[in-house]
Amino acid sequence: MAESVAFKYNRVARVWFKDERINQHWEDGGLTGHDTLIIGMQYANDLWLSLWVDAGVGGVPVAMALQSDGIVDITGVYRETVYARNLTDGEIKEIFDSIFANPAQINIKNDEITSIPAVPPVDENNES
C-alpha cells in the first residue's frame, strides 16, 4: 500500500483490535477483513508514523504524527468514512503514544509485517 501512495517507509506493523468492528464495513451479512496498519519512517532524530485502513485495493489514511511535535493529525477522509466502529480521537492518540514509547515494536523483521496487540485496549462495549 505504501508503494501505491509513493512515500518512503522503514517501519510497518499491523494493529489488532479486540473489537472486530473497528475499521470494518458490514458486507454480505458479515464484516470485511480490512487491516489497520502503521507505516512509518525512522529518521536519525525523529519518527514519523501514519495509520491506515488497508482495504485491499487501496487505503484510507487515518492519521499521521511526528514524534518530535506530539501532534496527531487525523484526516478528514477518515472522519467522513463510516465503519461499523471508527476509532475515537483518543484511541488514535493512544496508538501513536504507545508506539512512540516503544518504537522497536514496529521494526521490520525479515521483510515481514510486524503485528502489535490491540492498542489501545479497546472497550468492546463502546458503541461509538
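Here the side chains of Val62 and Ile92 are in contact, with some heavy-atom distance below 4.5 Å. Contact check for Leu87 versus Ile95: side-chain heavy atoms found under the 4.5 Å cut-off.
Applying the salt bridge (charged side-chain N to carboxylate O under 4.0 Å, His left out) test to pairs two or more places apart or on separate chains, those with a residue in residues 96-105 are Lys93-Asp97. Here side-chain hydrogen bond (donor to acceptor under 3.5 Å, both in side chains) pairs that include residues 69-79, with residues two or more places apart or in two chains, are Asn23-Tyr78, Arg79-Asp89.
To the nearest 0.5 Å, the span separating CH2 on Trp48 from CD on Gln67 amounts to 14.0 Å. If you take CD on Gln42 and CG on Asn10, they are separated by 7.0 Å, rounding to the nearest 0.5 Å. In this structure, OG1 in Thr88 is found 8.0 Å from CD1 in Ile74, a value given to the nearest 0.5 Å. With rounding to the nearest 0.5 Å, the separation of OH in Tyr43 from NZ in Lys8 is 8.5 Å. Put simply, CG on Asn86 and CZ on Arg21 are 11.0 Å apart, with the number rounded to the nearest 0.5 Å. Going from atom CG of Leu51 over to atom CZ of Phe96 covers 5.0 Å, rounded to the nearest 0.5 Å.
Panel note: side chain Ser50, backbone Ile39; a donor-acceptor pair is recorded below 3.5 Å. In this structure a side-chain-to-backbone donor-acceptor pair under 3.5 Å is present from His25 to Val82. Listed for the Glu80 side chain is no donor-acceptor partner under 3.5 Å among the backbone atoms of Val77. Side-chain atoms of Asp54 do not come within 3.5 Å of backbone N or O of Gly59 as any donor-acceptor pair.
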Check: Run the side-chain contact (heavy atoms from CB on, under 4.5 Å) check on Leu31 and Glu20 step by step: do they pass?
Finding: CA-CA 8 Å; Leu31 292 167; Glu20 64 184 24; 3.7 Å; yes
Note to self: Between Leu49 and Met64, is the side-chain contact (heavy atoms from CB on, under 4.5 Å) condition met? List the steps.
What the structure shows: CA-CA 6 Å; Leu49 297 175; Met64 293 168 216; over 6 Å; no
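Hydrophobic clustering of Ile, Leu, Val, Met, Phe, Trp and Tyr side chains at less than 4.5 Å, counting indirect connections, unites Ile38 with Phe100.
Between the side chains of Thr32 and Gln24, a donor-acceptor pair is found at a separation under 3.5 Å.
Classified by interplanar angle (parallel below 30°, tilted 30° to 60°, perpendicular above 60°), the ring pair His34/Tyr83 is perpendicular.
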